[in-house]
Amino acid sequence: MISFKKIIMHRLKMPLKYPFANSSTTITEKDIIITELHDQDGIIGYGESVAFDSPWYTEETTDTVQYMMEHHLWPLIKKQQINHPTELKLHNIRRNHMAKTAIEGAVWDLYAKRTQQPLYQAIGGTTNQIPVGAAIGFQSTDEQLIEKIAQALEQGYQRIKLKIKPENDLHTLETVRNHFPTTPLMVDANSAYTINDIDHLKKMDPYHLMMIEQPLASDDFIDHAKLQHEINTPICLDESIHTLADVQTAISLNSCKIISIKLAKVGGFTNAIKIHDYCQEHNIPVWCGGMLEAGIGRAQSLALATLPNFTLPADPGASNRYWHQDIITPEVEVQNGYVTLPKRPGIGYDLNLPTTDQKVLT
Ligand SMILES: O=C(O)CCC(=O)c1ccccc1C(=O)O
Ligand SMILES: [Mg+2]
């Protein structure tokens, strides 16, 4: 039986090595919370809030995560006793999936350490090797973009994901395909289009993209289905997918052919595993999207990506693509296009935090 004694919230700002620009915003810094969860025996599990400081991607922000943790999640969790992380009861709190993940991830880490197994094994993962791709934000010039892509390919990344928006998409694809005719390539629109752009989006078909991620608004399941019917490029839903019910809706309407699962978007491992299993049963490949995570969130996302239906390269790559110095040792590394997760119990990396603001909840 596991019960929870206290949680320490470490909050810190981490400047990104390079600004990450997409169709909605430019991210230069992350404001993260590391959750340090203690059980009755003093065993510690870690989680991370991967929310941004503004609600451009989902409704949550780092401040809402902190608020939910202090005022709703911790009071609920400290009363619970569990044998297994799937017994955790969080459903009386609606949504707030990133806040839930910051705690649920820590519970799984703690459980894996208690049972002396790597986190990826505790969730049912079948390998510790994860193929990874590189996501590249908008650059100021074509030359810079080509240079960034060339660098990522030299470092072994197995596919390139480009951000797009209506103003520059076809030009970018033409330029990139001229330089890299056969590189596995995909694009992410972060909802920059509407259903009126069908004819425009059809023009991407000749570029042989692996997929177009989230072309339309996050609640547009019907319009995504109309669009998928008209274009050859497979649609992948990202911002649309928060729950198993979202996945069921998307699959039954044929709104997409691929799904991006992010641990934090779906509220943690237990939900992510259910979504993974459902997609597998319905022959929908999944892959692990990234949130510009610091080390704890990165290691947990990659652990999720060891489940067998994660058949496409993941976003979260080497720590040094994002950070001057990550908060874990060793840092996450990519070799020959793969991350190899440590076989130590739990997430397998040690936390190495600079001095931070701390709040202790008991
Ligand atoms: O490399 C990464 O971590 C992912 C890059 C990325 O595309 C992204 C980063 C932050 C928030 C949302 C997204 C996205 O997939 O839409
Ligand atoms: Mg995306």
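The shown structure was predicted, so the numbers you read here are calculated from the model rather than taken from an experiment. Quick note: numbers below take in every heavy atom, side chains included, and nothing from hydrogens, waters or symmetry partners. Whatever order the structure lists ligands and atoms in, that order sets their numbers, starting from 1. Along the sequence shown, residues carry numbers from 1.
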> Starting from atom 6 (C) of ligand 1, which protein heavy atom do you reach first, and at what distance in Å?
Replying inline: Lys163 NZ, 3.6 Å
>> For a side chain to side chain donor-acceptor pair (under 3.5 Å) check, start with the C-alpha distance between Lys262 and Tyr57, then their side-chain angles and the critical distance, and finish with the verdict.
In response: CA-CA 12 Å; Lys262 291 181 183 174; Tyr57 176 74; 2.9 Å; yes
>> Starting from atom 16 (O) of ligand 1, what is the nearest protein heavy atom, named by residue and atom, and what distance separates them?
In response: Asn190 ND2, 2.7 Å
>> Tell me which N, O or S atom from Asp238 is the closest to the Mg ion (ligand 2).
In response: OD2
>> Under a 4.0 angstrom heavy-atom cut-off, which atoms of ligand 1 come close to Ala135?
In response: 1 (O), 5 (C)
> Near Ile222 CD1, under 6.0 Å, is it more than 12 heavy atoms from other residues, nucleotides or ligands?
Replying inline: no
>> From the N, O or S atoms in Glu213, identify the one nearest to the Mg ion (ligand 2).
In response: OE2
> By atom name, which N, O or S atom of Asp188 is the nearest to the Mg ion (ligand 2)?
Replying inline: OD2
> Can we say Lys359 and Glu70 salt-bridge, meaning some charged N sits less than 4.0 Å from an Asp/Glu carboxylate O?
Replying inline: yes
> Considering only heavy atoms of Phe52, which atoms of ligand 1 have at least one such atom less than 4.0 Å away?
Replying inline: 10 (C), 11 (C)
>> Both conditions, 6.0 Å and 45 degrees, for the charged tip of Lys148 above the ring of Tyr18: are they met here?
In response: yes
> Should you measure from each heavy atom of Tyr57, which atoms of ligand 1 turn up under 4.0 Å away?
Replying inline: 12 (C), 16 (O)
>> As an exercise, identify every atom of ligand 1 less than 4.0 angstrom from a heavy atom of Glu213.
In response: 15 (O)
> Does Lys165 come within less than 4.0 Å of Asp188, counting only side-chain N to carboxylate O?
Replying inline: no
> Counting heavy atoms only, which part of Asp238 comes closer than 4.0 Å to ligand 1: side chain, backbone, both or neither?
Replying inline: side chain
>> For the NE2 atom on His179, are there more than 12 heavy atoms of other groups (residues, nucleotides or ligands in this structure) within a distance under 6.0 Å?
In response: no
> Are Lys203 and Asp169 ion-paired here, with the side-chain N under 4.0 Å from a carboxylate O?
Replying inline: no
> Would Arg321 count as a contact of ligand 1 if the rule is a heavy atom under 4.0 Å away?
Replying inline: no
> Are the charged groups of Asp41 and Arg114 less than 4.0 angstrom apart, N to O?
Replying inline: yes
>> Looking at Asn83, I want to see if its CG is surrounded by more than 12 non-hydrogen atoms of other residues, nucleotides or ligands under 6.0 Å.
In response: yes
> What residue and atom, counting heavy atoms only, is the protein's closest point to atom 8 (C) of ligand 1, and at what distance?
Replying inline: Gly290 O, 3.6 Å
> How far is atom 5 (C) of ligand 1 from its nearest protein heavy atom, and which residue and atom name does that atom have?
Replying inline: Phe20 CZ, 3.4 Å
>> Quick check with a 6.0 Å cut-off and a 45 degree axis cone: is Arg321 positioned over the face of Tyr157's six-membered ring?
In response: yes
> Going by the order shown, which atoms of ligand 1 are within less than 4.0 Å of some heavy atom of Trp56?
Replying inline: 11 (C), 12 (C)
> Is Asp223 paired with Lys226 through a side-chain N to carboxylate O contact shorter than 4.0 Å?
Replying inline: yes
>> Which option wins on minimum heavy-atom distance to atom 15 (O) of ligand 1: Lys262, Lys30, Gln214, Lys265?
In response: Lys262
> Could an N or O of ligand 1 be found under 3.5 Å from any N or O of Lys161, whether backbone or side chain?
Replying inline: yes
>> For atom 1 (O) of ligand 1, what is the closest protein heavy atom, and at what distance to 0.1 Å?
In response: Tyr322 OH, 2.6 Å
> Quick one: nearest non-hydrogen protein atom to atom 3 (O) of ligand 1, plus distance?
Replying inline: Leu292 N, 3.0 Å
